[in-house]
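Please read the structure below before turning to the comments.
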Protein chains: 2
Amino acid sequence: MPATHTMARKTKTEALETRNQILDAAEKVFGERGVARTSLHEIAEGAGLTRGAVYWHFADKYDLLSALWERCLLPLEAAFAAIDAEHVEDALTRIRAKVRGVADRIVHDPRTRNMMGIFLLRCEMVDEIAASRQRIVGDRDDCLQQMAAEFRSAVAAGQLRKDLDADAAAIELHGIIDGLCYHWLLEPSRFDFEQRVAACTDAWLIGQGADPLAGRRRVTRPTRSAAAQMAKKAARRASVR
Amino acid sequence: MPATHTMARKTKTEALETRNQILDAAEKVFGERGVARTSLHEIAEGAGLTRGAVYWHFADKYDLLSALWERCLLPLEAAFAAIDAEHVEDALTRIRAKVRGVADRIVHDPRTRNMMGIFLLRCEMVDEIAASRQRIVGDRDDCLQQMAAEFRSAVAAGQLRKDLDADAAAIELHGIIDGLCYHWLLEPSRFDFEQRVAACTDAWLIGQGADPLAGRRRVTRPTRSAAAQMAKKAARRASVR
DNA sequence: TTGCAAACATACATCCGTGTATGTATCCAT
DNA sequence: ATGGATACATACACGGATGTATGTTTGCAA
């Protein structure tokens with residue numbers, strides 16, 4: 001079925017393609033059987049290759065995991081940047097748009113959903129994945145810093161209560177999203193993730209002094225769909241595969 | 001060092017004690033190295049025994065995991081029941097007290113904290129732990145049902161907005177707690193878990209129509225310490241070991 | 001064209017974990 | 001006291017995963 005079956009030394013683009021095939025297979029098997037229980041043989045088999053190919057492209061299983069994380073994060077950061085560019089208006093709108101954008105990606109982009117499932121439910125955060133873990137925690141820090149800055153802007157603009165702790169708020173918002181995501185991935189049929197994330201963060205924002213009407217007036221209808229379209233476009237661009 | 005070193009056939013109470021030693025060792029090693037990477041040999045070694053003892057008391061590693069879950073859940077349910085008995089007054093106070101009680105246990109009871117760490121960060125939710133997973137999801141459902149009932153009471157008492165979806169609210173609250181717990185366990189030094197959970201849920205409750213002053217008036221000071229004391233008493237009772 | 005290195009496949013050695021079977025010493029009931 | 005069951009320890013058989021070493025084919029540069 002494949003053009004070349006027992007050949008070697010493909011061109012650079014072909015090699016990159018097989019690398020992506022390995023990543024795709026790893027994403028699938030990791031999601032199905034968990035990171036620890038999957039062998040490199042299964043991954044290679046899933047990609048229609050042998051362990052030799054896997055060991056050529058990656059040092060070991062955890063190097064593969066890091067590569068998977070990177071492949072997932074890059075388009076997500078692009079989607080964030082797109083939202084930044086789109087909603088220059090005010091900070092609170094950007095915050096809402098980003099939350100909804102992330103939820104949209106998790107629900108509608110299989111790759112993002114799979115990766116969230118793998119890192120939240122199918123992988124053990126132990127020393128073996130120290131490299132991945134360092135990257136994950138580092139990227140999380142970056143995201144927290146960014147959101148904290150947004151909260152500071154929102155406070156300065158009088159959109160949230162004056163005495164809000166921006167760093168604490170970033171942590172709380174991050175916790176809300178990941179917690180709901182965790183439960184949704186455990187039982188996806190139980191509730192509508194996008195709906196619940198939006199409602200939960202809106203309620204929380206009201207508790208932080210946000211205008212209760214602002215959500216319905218400016219974000220929920222026009223901006224939400226715009227953000228979703230931006231995210232979808234970014235997803236399509238990233239899914240060139 | 002142990003009284004009996006190469007003996008056999010202990011009395012029933014002695015056998016129960018070794019069973020607990022195995023559970024303690026498993027809790028420790030699971031938390032340090034993750035569930036999948038730990039062998040039954042390491043657990044037995046940690047308990048000063050051999051694999052034979054482990055296989056006598058438990059069918060396999062995942063049966064051990066289920067037993068660990070049970071040992072952790074029972075005192076937690078007891079703490080909940082204690083809060084129910086203590087704060088008969090109104091539903092909203094009970095909700096706040098339960099949230100704070102859980103946070104208190106997670107932070108101050110090592111066993112609860114270890115178990116949260118194992119199940120959130122150190123274990124892969126795959127088919128192999130189907131038995132444990134079924135129990136976990138089932139217990140989670142019970143908890144959600146219970147909290148939804150509390151929310152219905154609070155709505156009926158006019159403490160929250162009339163159009164609140166109690167089931168959705170239970171899911172959101174659960175997500176908030178677990179999400180913050182997840183992040184706190186990843187980097188415990190980053191923020192104060194109890195403080196953040198309390199603040200976050202209070203803000204969220206305000207967004208659901210709760211009286212912003214109610215938290216400061218009735219719960220934060222007197223009830224909070226009472227709930228903590230109840231939880232600590234329950235913890236001590238449960239930690240008979 | 002030739003030769004080197006890329007891009008894999010194959011083969012090998014090693015270790016580790018599991019499950020079970022068997023041994024053994026003690027408690028307990030009769 | 002004594003046989004059986006309990007509460008383990010020990011021994012064995014087995015598969016399976018990892019990492020590396022080696023082979024092999026091909027693209028590409030000089």
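So that the names make sense, note that chain A is the first sequence line, chain B the second, and so on, each numbered from 1.
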Taking only side-chain nitrogens and oxygens of [X], does any of them come within less than 4.0 Å of OP1 or OP2 of [N]?
| X | N | result |
| --- | --- | --- |
| His57(A) | dC8(C) | yes |
| Thr11(A) | dC28(D) | yes |
| Thr50(B) | dC8(D) | no |

Distance, rounded to the nearest Å, where [X] contributes [atom1] and [N] contributes [atom2]:
| X | N | atom1 | atom2 | answer |
| --- | --- | --- | --- | --- |
| Trp56(A) | dT25(D) | CH2 | P | 19 Å |
| Lys12(B) | dT6(D) | NZ | P | 7 Å |
| Leu49(B) | dT24(C) | CG | C1' | 16 Å |
| Ile43(A) | dC8(C) | CD1 | C1' | 17 Å |
| Gln21(A) | dA7(C) | CD | P | 14 Å |
| Glu17(B) | dA7(D) | CD | C1' | 14 Å |
| Arg19(B) | dC8(D) | CZ | P | 12 Å |
| Glu14(A) | dT26(D) | CD | P | 12 Å |

Hits for salt bridge (Lys or Arg N to Asp or Glu O under 4.0 Å) against Glu32(B), two or more places apart or cross-chain, chain-then-number order -> Lys28(B)
Under a 3.5 Å threshold, yes or no: a donor from one side chain and an acceptor from the other, between [X] and [Y]?
| X | Y | value |
| --- | --- | --- |
| Thr112(B) | Arg105(B) | yes |
| His183(A) | Arg140(B) | yes |
| Trp184(B) | Asp192(B) | no |

Check nucleotides 12-18 of chain C against the protein and report each pair of N or O atoms closer than 3.5 Å, with its distance, or say if there are none.
| from | atom 1 | to | atom 2 | distance (Å) |
| --- | --- | --- | --- | --- |
| dT18(C) | OP2 | Leu40(B) | N | 3.2 |

Examine distances only and state if a side-chain atom of Gln134(A) and a backbone atom of Ala131(A) form a donor-acceptor pair shorter than 3.5 Å.
no
Using a 3.5 Å distance criterion without hydrogens, assess whether the side chain of Asn114(A) forms a donor-acceptor pair with backbone atoms of Pro110(A).
yes
Just checking Phe151(B) against Trp204(B), ring centres under 6.0 Å apart?
yes
